[in-house]
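First comes the structure, then the notes that go with it.
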Amino acid sequence: MHKTHTCGELRASHDGIEVTMAGWVNRRRDHGELIFIDLRDRFGLVQLVADPEISPEAHAALKPVRNEWVVKVVGVVRKRPVDMVNPDLSTGEIEVEVREVTILNPAKTPPFLINKEEEVDENVRLKYRYMDLRRPRMAANLKLRHKVVKFIRDYLDEQDFLEVETPILFKTTPEGARDYLVPSRVHPGMVYALPQSPQQLKQMLMVGGIERYFQIARCFRDEDQRGDRQPEFTQLDLEMSFVERDDVMGLLEDMYTKMVAEVVPDKKVLQTPWPRLTYTEALDRFGKDNPDIRYGLELVDLTDLAPGCGFGVFEGAVEKGGHVRGINAKGLGNYSRKQIDALTDYVKQFKAKGLAYIIRTPEGEMRSPIAKFFSEETLAMIQERMGAEDGDLLLFVADKAEIVYESLGRLRVHLAGELGLEDPDVLGFCWVIDFPFGFWDEEEQRWDPSHHLFTSPLPEDLHLLESDTAKVRGTQYDLVLNNNEVAGGSIRIHDQEVQAKVFKLIGLDEDVAAERFGHMLEAFQYGAPPHGGIASGIDRLVMILADEDNIREVIAFPKNQNARDVMADAPTLVEEAQLEALHIQLNLPEVEEEKDMLDLH
RNA sequence: GGUCCUGUGGUGUAGCUUGGUUUAACAUGCCGCCCUGUCAAGGCGGAGAUCGCGGGUUCAAAUCCCGUCGGGACCGCCA
């Protein structure tokens, strides 16, 4: 070992001992004769002092040393005089008097400062990611991520789960997201696909008698990026046999509640046990199936007041079967016309035609372009239902139900941001259950499962599966945390007949189903236990626990929005010989071809 | 595929609206000299940007216009 102690562990009690330390130069303060160096490793910072009267050789050796050089020193721990203690440093009571110096590696001037919290262009950070990882922010995020995963592994191990690895090279399934494909050399023209999730495999493990399985699984989806989406990401994937949905939900709830207490003890879980909302309730109250329950601003249904209310927009929407709903933006009664116009533009992104409003100024005046249409009674009833007081701003959308939910649900989150209602130290976990089993796809003329095609309907709705599909609810459960879906699962179909009916509903021919899922259908004929499970996005979960708003901040080597690795510069063109071995001929769009040719030079 | 935002020394910003006292400013970093108690050390001096790229308008462009490339946010997409 190049070190006897880490840079974070020396205390006053080590006074007088000889130590060997190694790390990176975090900062140097050169007084000419006396040189101070803050030496950094993953465990902390320690002050080295080079005094030419004690060791002229060591002093001379440290003279040329600069930031981020890697050095090893032998020295003696000295307690600092009381007035020179640095209370901001865990090792601030001592310093190390340097006797010998070895330069393990000099370093070029870093592209950005490691020792200073400073916003740096993300492209630069990603190009020099190995430097970025030395900074406290990334180091802390990776440590937190480790702790989360470690807790999960320990907890599930104690609950008799087995961690089983499943293949990365698997079979393409055209359902769901676009697959990443891997061409086969041995089988010309054929491909493997990287798994979008180990869904089928974990169900096969249940047939295999594993009973309790989990995996910290890498998943791949070839879709466009977002702040919370990467082409490859990590899921806690788990599956259990002989369980019902309460068992799976209960397990995850207990595990994450304990995990939060241990890993982020400063954060507070909003409510225990976690609230359970039906899909319908989530939409009615929050406008979305991934609600942020940390604050109010809930949607208020005014649909029943619309007929004959006198305001044509409301009446018309309801006549066409739509809804009228509102939000009381508490305390925004001082909003200007311009600010309200900005809110209107915001909801128009989500296809709302407009945003009606009633202002109650803090002085008790009412201002509204629509109030004049209503009778006194209706106006009073609207305000009463919305709990309106002086100083409030009432906002309304009247439209098709989906548009009302989407626009007000988004507006609610937007307003909460403006009002500063999103407390990062509060974790608003909640379950959303009783999802519709599927949604009718008008274009494709078939049912589209709201979870996936192995999700079992609720047993009590099973008899409606073919007669009244729209009324059937699934066993799906989603775990939502502060506006993010962080887990989703279901009880699976283990009955071939039910599975066959579902395939039919979603428009999968029997022979197509057999080709794609024959292995599963066959397996289910050999004694499949009832089973269910859940998958939880680790990146998203850690992102929230780390107070980051981008998933890239909790991934060591993420890809950018164009799915490029800017450090290694992947993806790249490939040698002709490699393509030949894979029996592949390129058919590039003309413009792309020119661009790629240029890239080669 | 679409909408919006963005690009100025190594890094972070100012300047751009209203073109010309700009020889492009400030902070930090970098280099050199001085300095024995600093911990964001200090003092003095210095180097470093043809303002992403291309074209246009103009007597004159970082600044206005068009195109293009890179980055980001969002929509579509993500069973």
Side-chain angles (χ1 to χ4, degrees), chain A residues 26-39 45-54 59 64 66-68 78 80-81 83-89 91-92 95 97 108-128 131-132 173-179 196-197 199-200 219-231 233 345-346 348-351 406 410 414 435 437-439 441 444 446-455 474 476 485 488 490 502 506-508 516 535 537 549-550 552 560-562 564 566 591 595 598-599:
Chain A
N26 194 59
R27 184 169 264 132
R28 57 180 258 124
R29 293 175 291 281
D30 187 344
H31 289 226
E33 289 297 282
L34 213 52
I35 300 175
F36 297 97
I37 283 178
D38 292 337
L39 192 68
L45 281 180
V46 67
Q47 173 165 285
L48 309 179
V49 59
D51 186 336
E53 283 180 16
I54 291 169
H59 180 268
R66 292 295 181 270
N67 282 349
E68 301 309 314
R78 291 289 181 224
R80 299 198 203 177
D83 54 331
M84 290 170 199
V85 165
N86 182 349
D88 298 330
L89 222 54
T91 58
E95 62 195 3
E97 225 171 60
K108 287 171 73 174
T109 301
F112 48 83
L113 297 178
I114 308 302
N115 55 22
K116 194 175 161 193
E117 294 280 354
E118 176 185 50
E119 281 298 313
V120 177
D121 183 81
E122 198 182 2
N123 212 26
V124 178
R125 290 177 58 202
L126 289 178
K127 182 171 177 194
Y128 300 96
M131 300 301 283
D132 195 31
T173 44
E175 289 76 22
R178 201 174 293 116
D179 281 323
Q196 296 175 29
S197 86
Q199 182 59 38
Q200 297 178 42
C219 305
F220 306 86
R221 294 178 191 176
D222 187 3
E223 298 291 350
D224 287 343
Q225 310 306 297
R226 287 292 184 280
D228 62 352
R229 267 164 36 191
Q230 282 273 303
F233 61 100
D345 287 342
Y346 184 75
K348 279 183 177 168
Q349 287 181 69
F350 311 108
K351 296 188 193 138
E406 166 102 6
R410 301 273 201 152
H414 182 76
F435 280 79
F437 177 71
F439 295 96
D441 186 330
E444 306 275 335
R446 62 179 179 82
W447 288 90
D448 200 13
S450 60
H451 190 39
H452 57 56
L453 63 192
F454 309 114
T455 297
Q476 179 187 354
E485 184 193 327
S490 65
V502 169
I506 65 175
L508 262 187
R516 288 183 197 158
D549 55 15
N550 194 304
R552 294 187 294 269
N560 74 4
Q561 196 165 56
N562 290 318
R564 292 197 68 84
V566 295
V591 186
K595 196 182 127 214
L598 290 174
D599 280 350

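Proteins come first, then strands; the chains are lettered A, B, ... in the order of their sequence lines, and each starts at number 1.
Using a 4.0 Å heavy-atom distance criterion, A:Q47 is classed as a base contact. Residue A:G227 is classed as a sugar-phosphate contact, given heavy-atom separations below 4.0 Å to backbone atoms only. Across all strands, A:N86 comes closer than 4.0 Å to base atoms (heavy-atom distances). Using a 4.0 Å heavy-atom cutoff across all strands shown, A:N560 reaches sugar-phosphate atoms only and no base atom. Within 4.0 Å of A:R410, counting heavy atoms only, lie sugar-phosphate atoms of the nucleic acid but no base atom.
OP1 or OP2 of B:rA73 sits under 4.0 Å from a side-chain N or O of A:N550. The side chain of A:N123 contributes no N or O atom lying less than 4.0 Å from OP1 or OP2 of B:rG70. Look at A:R552 and you'll find a side-chain N or O under 4.0 angstrom from OP1 or OP2 of B:rA73. Note on A:R29: every side-chain N or O is 4.0 Å or more away from OP1 and OP2 of B:rU38. OP1 and OP2 of B:rG29 both lie 4.0 Å or more from every side-chain N or O belonging to A:N115. For the pair A:R27 and B:rA41, the criterion of a side-chain N or O lying under 4.0 Å from OP1 or OP2 is met. A close approach under 4.0 Å does not occur between any side-chain nitrogen or oxygen of A:N67 and OP1 or OP2 of B:rG29. Contact check, A:Q349 against B:rU3: no side-chain N or O comes under 4.0 Å of OP1 or OP2.
As rounded to the nearest Å, B:rU3 and B:rA61 have P atoms that lie 31 Å from one another. Straight-line distance between the P atoms of B:rG48 and B:rU6: roughly 31 Å, to the nearest whole Å. A distance of about 10 Å separates the P atoms of B:rG9 and B:rA49, rounded to the whole Å. B:rA62 and B:rU57 have their P atoms separated by 16 Å, given to the nearest Å. Between B:rA40 and B:rU28, the distance separating the two C1' atoms is 10 Å to the nearest Å. To the nearest whole angstrom, the two P atoms, one in B:rG29 and one in B:rG71, are 30 Å apart. To the nearest whole angstrom, the two C1' atoms, one in B:rA27 and one in B:rU8, are 15 Å apart. Between B:rU22 and B:rU50, the distance separating the two C1' atoms is 14 Å to the nearest Å.
Residues A:E95 and A:R78 are not paired through a salt bridge, judged by the lack of any N-O separation under 4.0 Å between the basic side chain and the carboxylate. A salt bridge is defined here as a Lys NZ or Arg NE, NH1 or NH2 lying under 4.0 Å from an Asp or Glu carboxylate O, and A:R552 with A:E122 meets this definition. Taking 4.0 Å as the cut-off between side-chain N and carboxylate O, A:R29 and A:D38 count as a salt-bridged pair.
If you check B:rG45 for Watson-Crick or wobble pairing at under 3.5 angstrom, you find it paired to B:rC31.
A donor N or O paired with an acceptor N or O is found under 3.5 Å between the base of B:rG76 and the side-chain atoms of A:R226.
Per the geometry, CG belonging to A:L34 stands 12 Å off C1' belonging to B:rC39, to the nearest Å. In this structure, CE of A:M131 is placed 16 Å from P of B:rG10, rounded to the nearest angstrom.
Look at A:F36 and the base of B:rU38; the rings stack, centres closer than 5.5 Å and planes less than 30° apart. Both geometric conditions, a ring-centre gap below 5.5 Å and a plane tilt below 30°, are not fulfilled together for A:H31 over the base of B:rG42.
Using bins of under 30°, 30° to 60° and over 60° for the plane-to-plane angle, the ring pair A:Y128/A:F112 lands in the perpendicular bin.
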Taking it one step at a time, do A:Q47 and A:N86 satisfy side-chain contact (heavy atoms from CB on, under 4.5 Å)? CA-CA 10 Å; A:Q47 173 165 285; A:N86 182 349; over 6 Å; no
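Closest to the A:D30 side chain, of the nucleotides B:rC77, B:rU11, B:rC35, is B:rC35.
Taking 4.5 Å as the limit, some side-chain heavy atom of A:V502 sits within range of a side-chain heavy atom of A:F437.
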